[in-house]
Amino acid sequence: MSASKVEADGTIKIGDNVYYTVARRIKDFRENYGDHSIETEILSAADVVQIRAVIKDASGRIIATGTAEEVRGAGLVNKTSALENAETSAIGRCLAVFGLVGTNIASAEEMQAALEQQDYLKQNEDLIAHNA
């Protein structure tokens, strides 16, 4: 299955599943839960970046959490922006746990990256096998 295109409404359809981008989840959250907050915390900023995101209601009670981990230098984005990438992923996962999802917890960005990786591996099978 090859990578799909993210639609203007912030969704991506893969098979029978619909995935929301993190930007779409944030937009929906802000439009519908103005008295709630999203907060992030850096758990580690070393070679492995770990971020925790929480959603709190108006009284400060934690409603949902999400964590993400990225390895600095792994992939193009993480060469320059591992911290930002992990924060976006943690927020997206937190919003999914909160209930702002398409048909799955994974975000459109996560699914698109996974499909692109699968396409790359498929296209380079011979080279990878040769170098193994």
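Only heavy atoms go into these numbers, but all of them, side chains included; no hydrogens, no water, no symmetry mates. Not measured: the values here are computed from a predicted model.
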For R25 and G92, indicate whether the former's side chain and the latter's backbone hold a donor-acceptor pair under 3.5 Å. yes

Validation row: D28, Y20 side chains within 4.5 angstrom (heavy atoms): yes

Output for pair (E41 CD, T65 OG1), nearest 0.5 Å, gives 11.5 Å

Do the rings of H36 and Y33 sit parallel, tilted or perpendicular, given the 30° and 60° boundaries? perpendicular

CG (N85) and OG1 (T80) are apart, to the nearest 0.5 Å, by 9.0 Å

Apply side-chain contact (heavy atoms from CB on, under 4.5 Å) to residues I38 and R30 and explain how you reach the verdict. CA-CA 10 Å; I38 302 172; R30 295 285 182 222; 4.3 Å; yes

Heavy atoms from other residues, nucleotides or ligands near CG of D47 exceed 12 (cutoff 6.0 Å): no

Donor-acceptor contact below 3.5 Å, side chain R72 vs main chain A46: yes

R24 and side-chain contact (heavy atoms from CB on, under 4.5 Å): which single residue from V22, I26, T21 fits? T21

Smallest separation among heavy atoms of A90 and I51, with atom names: CB-O, 3.7 Å

Please tell me if the side chains of N78 and V49 come closer than 4.5 Å, counting only heavy atoms from C-beta onward. no

For the CD atom of E87 and the SG atom of C94, what is their distance to the nearest 0.5 Å? 11.5 Å

Quick one: are T11 and V6 in side-chain contact, heavy atoms under 4.5 Å? no

Side chain to side chain, R93 and T67, heavy atoms closer than 4.5 Å: no

Would you say V97 and V54 are hydrophobically clustered, going by side-chain heavy atoms of ILVMFWY under 4.5 Å? no

Honestly curious: do I63 and I91 fall in one hydrophobic cluster under the side-chain, below-4.5 Å linking rule? yes

Between V48 and S44, which heavy-atom pair has the shortest distance, and what is it? O-OG, 2.8 Å

Validation row: I62, K56 side chains within 4.5 angstrom (heavy atoms): yes

